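I have placed the structure first, in the form of structure tokens, so that the comments after it can refer back to it.
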2 protein chains.
Amino acid sequence: MATIHDVALKAGVSVTTVSRVLNNRGYISEMTRTKVSGAMEELGYQPNEIARSLLRKQSNLFGLIIPNVSHPFFSQLADRVEYYAYLEGYKVLLCNSQMDPDKERDYIDMLKRNRVDGIIMGSHTLEVEEYRSLNSPIVTIDRKIHNNIPYISSDNYRGGQLAAELLVAKGCRKIAHICGNLELQMLSNQRTDAFLDVTIKHGVERLVVETGLNVFDENKYEKLLGQLLQEHPDIDGIFATSDILGAYAIKESLKAGKRIPEDIRIVGYDDVGASRWVRPELTTIRQPIDALGKMAIKLLRMQMDDELVAFENILPVELIERATT
Amino acid sequence: MATIHDVALKAGVSVTTVSRVLNNRGYISEMTRTKVSGAMEELGYQPNEIARSLLRKQSNLFGLIIPNVSHPFFSQLADRVEYYAYLEGYKVLLCNSQMDPDKERDYIDMLKRNRVDGIIMGSHTLEVEEYRSLNSPIVTIDRKIHNNIPYISSDNYRGGQLAAELLVAKGCRKIAHICGNLELQMLSNQRTDAFLDVTIKHGVERLVVETGLNVFDENKYEKLLGQLLQEHPDIDGIFATSDILGAYAIKESLKAGKRIPEDIRIVGYDDVGASRWVRPELTTIRQPIDALGKMAIKLLRMQMDDELVAFENILPVELIERATT
DNA sequence: TTGTACGCGTTATCAC
DNA sequence: GTGATAACGCGTACAA
């Protein structure tokens with residue numbers, strides 16, 4: 001691979017001159033410029049970004065840590081993060097923590113060693129202490145891990161409220177809420193808070209079921225829902241904390257011989273593709289994934305520019321009513 | 001951020017010595033070692049990988065170019081690629097081409113400028129010529145773009161054959177095949193070849209429908225399927241080229257008042273989550289996504305080590321029979 | 001308008 | 001055992 005020296009040699013000028021035409025800085029005669037451009041072309045020269053990064057102390061690299069890209073919510077988030085990063089000239093390093101603390105710690109160290117310009121954390125399995133050593137710009141998605149690390153989240157409480165109120169308004173008298181692990185300090189737990197508040201307020205019977213630590217094992221989902229419906233045949237409403245869970249809720253309800261929405265009403269969360277692939281189509285709470293990704297990049301950029309960023313960044317959710325309610 | 005010099009200063013030794021304990025090279029007295037380690041600890045020192053990369057001429061970085069991570073197949077592929085890359089100490093740069101030639105070209109140049117150690121191409125919108133300038137190790141997924149760039153693929157012909165033969169064996173007399181754009185030179189077109197061969201051989205009426213260029217617009221899917229079933233009410237079998245298309249086929253069939261599998265049988269492709277979220281569960285052809293990702297990393301590593309790699313790498317597919325057939 | 005020389009943070013080579 | 005120094009490829013004062 002050709003270096004700036006090779007280009008200089010071929011064009012019969014110094015490396016400085018080559019650097020100048022490369023970066024359009026200072027004065028260069030038109031003739032030298034074409035001569036240099038020609039040499040670059042001929043050699044297929046591409047400036048070495050590694051050397052540039054070293055000099056500039058800036059890598060133009062962002063790290064994206066998430067539990068797992070294969071989960072629809074995170075895959076969409078990754079898509080949007082990449083999209084907005086690209087627009088600003090940044091690259092994205094994909095880091096799946098797999099909810100494994102060792103791997104997450106490893107990745108955080110790796111990102112530090114690679115001098116990334118910012119980190120987006122959509123996963124956190126470590127103790128708070130371990131994040132404090134990070135001195136690069138950082139922003140978390142859906143988790144408040146430290147009181148000076150800004151976070152982005154959609155309005156989880158509002159989402160839970162919208163879902164629960166809809167079910168209540170439709171006349172449900174016994175509603176089950178399926179959520180992740182409440183011990184993880186995640187903002188999505190507020191959906192559960194809202195669910196409890198609403199159902200208590202209206203005197204509706206309620207049930208909260210946690211899927212357990214590994215939120216991504218789908219075989220578990222199926223069993224969980226089947227068992228729930230068997231033990232509580234009088235459930236007439238389900239608020240699931242993801243569209244995938246919602247999809248399984250639909251499947252198991254139908255399997256149990258229930259009609260949707262006549263016998264049981266179901267609300268999902270996220271509004272990812274799955275909500276439209278199933279039948280009946282799933283009523284859900286839409287998370288503003290595009291805005292989430294955009295905001296993540298924006299907050300990193302602001303921190304890099306030493307601008308003041310808000311600690312709390314909450315984006316609105318929206319109820320998307322379809323056929324399951 | 002502390003450098004090796006700071007550590008050396010603090011430990012009262014030379015940078016060489018620090019480098020030595022860092023890389024466990026040469027002889028160092030136990031005392032110096034602990035002294036240096038202590039200094040590193042205190043300063044929270046992390047070696048600068050950018051400087052290392054510059055010197056070693058190796059970035060430990062792979063580029064993954066795909067149309068879109070938000071598509072389930074690619075999100076799973078990305079997950080596995082990241083998994084195996086991590087095991088070998090490599091990082092993954094996420095590049096969504098969005099099927100946009102300009103962006104893809106941009107990303108290819110960017111990967112070159114960043115001196116990535118290898119590129120995995122799951123997208124190709126450019127002319128063959130534009131890929132030839134790539135002199136880093138490269139491997140493509142599901143596409144043969146040049147006769148000296150190794151490719152990985154699952155056995156598309158076999159997949160199409162399994163699907164078509166199953167439908168025929170179950171008694172379908174008029175089968176529709178929904179595929180992407182056949183003009184793109186993709187190996188998945190072999191599914192269509194197999195479909196045609198099988199249906200012709202058995203004298204079964206057939207229909208091939210292309211979804212058009214932008215394979216990822218789901219609103220189109222819905223209309224397409226609805227229209228197809230309306231214009232050809234006698235279709236009794238559908239072979240869809242993805243599980244998402246399969247899911248829409250199920251939805252539109254039920255909407256048209258057909259029973260599955262009594263009136264119409266449906267086979268999807270990929271075996272991603274969607275095939276289990278729908279009801280009835282979708283019969284599908286499983287792509288070995290994990291093996292695909294593993295092989296991609298392996299082939300890159302082999303090229304880096306100047307080992308001989310096979311040009312053609314075809315992995316077996318598997319028929320997963322569920323409830324739609 | 002162009003060239004020389006230094007530094008970015010590491011590691012390899014050769015001295016001591 | 002340990003230290004000085006050159007080199008990786010580039011950008012930028014400063015000099016010419």
Side-chain angles (χ1 to χ4, degrees), chain A residues 1-40 43-61 109-117 135-136, chain B residues 1-37 39-40 43-61 89 109-117 135-136:
Chain A
M1 179 114 274
T3 78
I4 201 172
H5 282 96
D6 302 326
V7 178
L9 207 66
K10 179 154 219 129
V13 297
S14 77
V15 292
T16 310
T17 307
V18 178
S19 176
R20 281 213 185 82
V21 336
L22 206 56
N23 301 290
N24 257 323
R25 239 184 279 288
Y27 298 97
I28 338 146
S29 73
E30 209 42 57
M31 205 192 75
T32 359
R33 188 192 293 280
T34 52
K35 222 171 32 180
V36 171
S37 302
M40 295 203 298
L43 294 169
Y45 172 70
Q46 296 280 7
N48 186 329
E49 282 298 332
I50 297 178
R52 284 179 153 176
S53 297
L54 182 59
L55 198 61
R56 293 200 190 130
K57 299 173 174 308
Q58 188 181 329
S59 60
N60 283 312
L61 205 55
D109 282 347
M110 186 275 277
L111 295 176
K112 276 156 83 175
R113 286 195 305 273
N114 284 276
R115 301 299 190 265
V116 295
D117 293 335
N135 38 6
S136 53
Chain B
M1 179 114 272
T3 76
I4 201 171
H5 283 96
D6 302 326
V7 178
L9 208 64
K10 179 153 219 130
V13 297
S14 76
V15 293
T16 309
T17 307
V18 178
S19 177
R20 280 215 186 81
V21 337
L22 206 56
N23 301 290
N24 259 323
R25 239 185 280 288
Y27 297 97
I28 337 145
S29 73
E30 210 41 57
M31 207 193 71
T32 356
R33 187 192 295 277
T34 53
K35 224 171 28 178
V36 171
S37 302
M40 296 202 297
L43 293 169
Y45 171 71
Q46 295 280 9
N48 186 329
E49 283 297 332
I50 297 179
R52 284 180 156 175
S53 296
L54 182 59
L55 198 61
R56 293 199 188 131
K57 299 172 174 311
Q58 188 180 330
S59 60
N60 283 313
L61 204 57
D109 282 347
M110 186 275 277
L111 294 176
K112 274 155 85 175
R113 286 195 306 272
N114 283 277
R115 302 299 191 264
V116 295
D117 293 335
N135 38 6
S136 53

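Predicted, not measured: the structure shown is a model, and the values here were computed from it. Lettering follows sequence order; numbering is per chain, from 1.
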Within residues 6-24 of chain B or reaching into it, pairs that qualify as salt bridge (Lys or Arg N to Asp or Glu O under 4.0 Å) - sequence neighbours excluded: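 Non-adjacent pairs meeting salt bridge (Lys or Arg N to Asp or Glu O under 4.0 Å): B:Lys10-B:Glu42.
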
Overall bend - the helix from C:dT1-D:dA16 to C:dC16-D:dG1, comparing terminal axes fitted on five pairs, nearest 10 degrees: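 Between the first-five-pair axis and the last-five-pair axis there is 50°.
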
Sugar-phosphate, base or nothing in reach of A:Ser53, heavy atoms under 4.0 Å: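 Nothing: the residue A:Ser53, judged by heavy atoms under 4.0 Å, touches no strand.
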
Minimum-distance pair of heavy atoms, taken over all atoms of B:Val18 and B:Val13: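 Nearest heavy atoms, B:Val18 then B:Val13: CG2-CG2, 3.9 Å.
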
Heavy-atom pair with the smallest gap, counting every atom of B:Thr3 and B:Tyr45: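 Shortest heavy-atom contact: C-CE1, 3.6 Å.
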
For the [atom1] atom of [X] and the [atom2] atom of [Y], what is their distance to the nearest 0.5 Å?
| X | Y | atom1 | atom2 | value |
| --- | --- | --- | --- | --- |
| A:Glu49 | B:Met110 | CD | CE | 9.5 Å |
| B:Ile28 | B:Met31 | CD1 | CE | 12.5 Å |
| B:Ser37 | B:Leu22 | OG | CG | 9.5 Å |
| B:Asn114 | A:Ser53 | CG | OG | 6.5 Å |

Partner residues of B:Ser14 under the side-chain hydrogen bond (donor to acceptor under 3.5 Å, both in side chains) criterion, sequence neighbours left out: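 For B:Ser14 the side-chain hydrogen bond (donor to acceptor under 3.5 Å, both in side chains) partners, ignoring immediate neighbours, are B:Thr17.
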
Nucleotide interval of DNA chain C bounded by contacts with chain A (heavy-atom cut-off, under 4.0 Å):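 Reading along DNA chain C, I get C:dT1 to C:dG9.
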
Donor-acceptor pair, side chain of B:Asn48 and main chain of B:Ile50, under 3.5 angstrom: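 Judged by distance alone, yes, a pair lies under 3.5 Å.
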
Footprint string (nucleotides 9-15 of chain D, 5' to 3'): B base within contact, S backbone only, - free, heavy atoms under 4.0 Å: BBBBB--

Pairs involving residues 22-31 of chain B, ordered by first then second residue, that meet side-chain hydrogen bond (donor to acceptor under 3.5 Å, both in side chains) (sequence neighbours left out):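 Listed once each, the pairs are B:Ser19-B:Asn23, B:Asn23-B:Arg52, B:Asn24-B:Arg33, B:Ser29-B:Thr32.
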
